[in-house]
Amino acid sequence: MLRRLMPVLVVCVGLTVGHSSQAVIHGLTFPGVAISTVKLSIQHAHFLQSAEKWEYYDSICSAAIVGLKPLTLLTAAHCLKEVRLTGPKDLPILSIAQPELLGIEEINLRQAFYRPFEAVSEDLTQDVAVLVFDAKVQSAIQPLPIRLDDQLPEVLMICGYGRGYGEADTRHPRCGERKPVRDLSDFYQVLPKTYRDMDEMLHLQAQTQFLYTQELVHAEKALLAVNRLNEADQYDHTVPMPTVGDSGGPWLVINAKGQYELLAITSLVERFYNPSAHWPFFQKQVPLSEYPYVAYGLRLSHPEVLGFLQYAQHSGADIRFTSAPLFPYAGRP
C-alpha cells in the first residue's frame, strides 16, 4: 500500500512510506559547501478524497551539486511525489534551504527532469531527479563528478540533512563512513544468523520482505547497500545510517587526487517493524523510526540511470562523468 511520502522512501510490509520526521545519520557534521550537498525544501499537495479538498504539506530532501554552469543538482525522484507545480513549464515548487551558507544567490529553477512516482515505486532504477537552476554561485563549491565504475569500494561516505532521535538540529549535513554490503543476495549480511536463532519466525518474515525489495529493481547491480551492524556483527542503532530526510543525499568516494566523487544517491531505507522480545536491541528506549536495517543507494553508473543522466546533460544540465583512480582506502582524506 502506497501512502503519502515523507522521504526517505521506506519499505516495511510491502512498499509503504514512512511519516516520521526523524532524519539523518548519527554522523559527523560537515559544511555543506565542503561536500557539495544542499537541503531542499519541497511543497506538496495531496487530494483528500473523503473531504474533497486539497491538503498541503512540506518535506525536506538532500541533493548533491554536480554542476555550476548552470547550477545542477541530483536528488531522489520520490522526493517529488505529489509535488506542487507552477508556471507554464509545470516546474516543481521547491527551494534550496539556507543558500547563503553555500554562497548561492539569485536562485531560479529552470528545468526539472524526473519520472512520476508511480514509475519509481515499481522500479527503483527510476529514482533519480535532475534539477537545473539559474543562480549566482559566489563560493568555491566543487561540483561532484559522477563516478562510472562498477567496482565496489572498501569504504564510502554517506551524507544528508536532518536529525536523528536525540540529535540537535543543524544547518549543515551529517556524514558517516560505512562499508558497503558485499553480497545483496545474502540476508545474513543484514541480520546475521544469531538473530534467526533467537526468533526464527520473525527473521523469516524479515527475509521475505528483503527479497521483495530486490524485486523492485528490475536490473542487477542497480543498488548499493549498507547495514546497521557494528564491528561485532551486532545490530546497533547508533551506527551512522541514512533514514527519513536523507533522500537524494550523496554516497561519496575519494579519488587519487583527494577529491570527492559521487557514486550513488540515497534512495530507499528498509525497516522490519515487528519488534521481537528475543532481539536484545529492541529492549532499548528508542523509537521505531530509528531502526532502519538496511539503506540503499541508487548507483548512478547503472545503464538505465546513466542514460537518463546523459539525456539531462544533453538537454542543458551540467553533469560530468569520471573514472579516475581511487585511493586504496576510499574514506575521508
Side-chain angles (χ1 to χ4, degrees), residues 5-12 16-32 34-42 44 58-66 73-81 94 96-98 114 120 124 127-129 131 144 156-178 180-181 213 223-228 237-253 260 262-271 286-300:
L5 182 76
M6 289 293 284
V8 162
L9 189 65
V10 178
V11 169
C12 25
T16 64
V17 181
H19 290 263
S20 167
S21 62
Q22 305 301 325
V24 175
I25 302 176
H26 296 289
L28 299 176
T29 299
F30 278 65
I35 54 172
S36 306
T37 303
V38 305
K39 180 195 292 186
L40 294 176
S41 178
I42 305 168
H44 306 266
D58 297 332
S59 73
I60 66 165
C61 269
S62 303
I65 300 174
V66 296
L73 308 183
L74 257 59
T75 190
H78 75 257
C79 292
L80 301 177
K81 177 178 184 279
L94 53 80
I96 297 173
Q98 298 176 311
Y114 63 99
V120 175
L124 292 181
D127 195 18
V128 59
L131 305 173
L144 297 166
L156 40 77
M157 187 164 76
I158 303 174
C159 301
Y161 282 83
R163 56 195 174 95
Y165 174 71
E167 289 183 325
D169 197 5
T170 175
R171 298 190 298 170
H172 301 286
R174 292 184 174 92
C175 301
E177 285 186 348
R178 301 305 313 281
V181 174
T213 301
L223 298 179
L224 292 174
V226 293
N227 59 31
R228 209 161 194 180
H237 74 274
T238 66
V239 170
M241 190 75 164
T243 177
V244 178
D246 289 322
S247 294
W251 294 40
L252 302 169
V253 292
Y260 292 116
L262 183 60
L263 190 63
I265 58 172
T266 298
S267 173
L268 180 77
V269 166
E270 191 166 24
R271 301 180 179 131
V286 175
L288 285 176
S289 61
E290 282 294 292
Y291 282 103
Y293 295 77
V294 60
Y296 296 98
L298 178 62
R299 291 192 79 138
L300 302 177

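Small disclaimer: the values here were computed from a predicted structure and weren't measured.
The shortest non-hydrogen separation linking Val226 to Met241 is O-CE, 3.3 Å. The minimum heavy-atom distance linking Ser62 with Gly160 is given by the pair OG-CA, 3.5 Å. Scanning both residues, Leu80 and Ala129, for their nearest heavy atoms gives CD1-CB, 4.1 Å. Nearest heavy-atom pair, Arg174 versus Gly27, reported as atom, atom and distance to 0.1 Å: CD-O, 3.9 Å. Between Val38 and Tyr161, the shortest heavy-atom contact is C-CE1, 3.1 Å. Contact detail for Thr75 and Ser247: the closest heavy-atom pair is OG1-O, 3.9 Å.
Taken to the nearest 0.5 Å, the CD1 atom of Ile265 stands 11.5 Å off from the CG atom of Leu224. Atom-to-atom distance recorded for Ile60:CD1 and Ile42:CD1 is 9.0 Å, nearest 0.5 angstrom. With rounding to the nearest 0.5 Å, the separation of CG in Leu298 from CG in Leu223 is 6.5 Å. To the nearest 0.5 angstrom, Trp251 atom CH2 is 10.0 Å from Asp246 atom CG. The line from CG of Leu262 to CG of Leu300 is 5.0 Å long, rounded to the nearest 0.5 Å.
In summary, of the residues considered (Thr29, Ile35, Leu28), a side chain to side chain contact (heavy atoms under 4.5 Å, CB included) with Cys175 occurs for Ile35 alone.
Looking at heavy atoms from C-beta onward, Thr213 lies out of side-chain contact with Val294 at the 4.5 angstrom threshold. Looking only at side-chain heavy atoms (C-beta outward), Pro292 and Arg228 come within less than 4.5 Å of each other. With a 4.5 Å cut-off on side-chain heavy atoms, Arg178 and Asn227 count as touching. At least one side-chain heavy atom of Leu40 sits less than 4.5 Å from a side-chain heavy atom of Leu131. Looking at Pro240 and Ile158, their side chains never come closer than 4.5 Å, going by heavy atoms from C-beta outward.
Side-chain polar atoms of Asp127 and Ser267 form a donor-acceptor pair below 3.5 angstrom.
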With side chain to side chain contact (heavy atoms under 4.5 Å, CB included) as the criterion, how do Leu73 and Ile96 come out once you've worked through the C-alpha distance, each side chain's angles and the decisive distance to 0.1 Å?
CA-CA 10 Å; Leu73 308 183; Ile96 297 173; 4.0 Å; yes
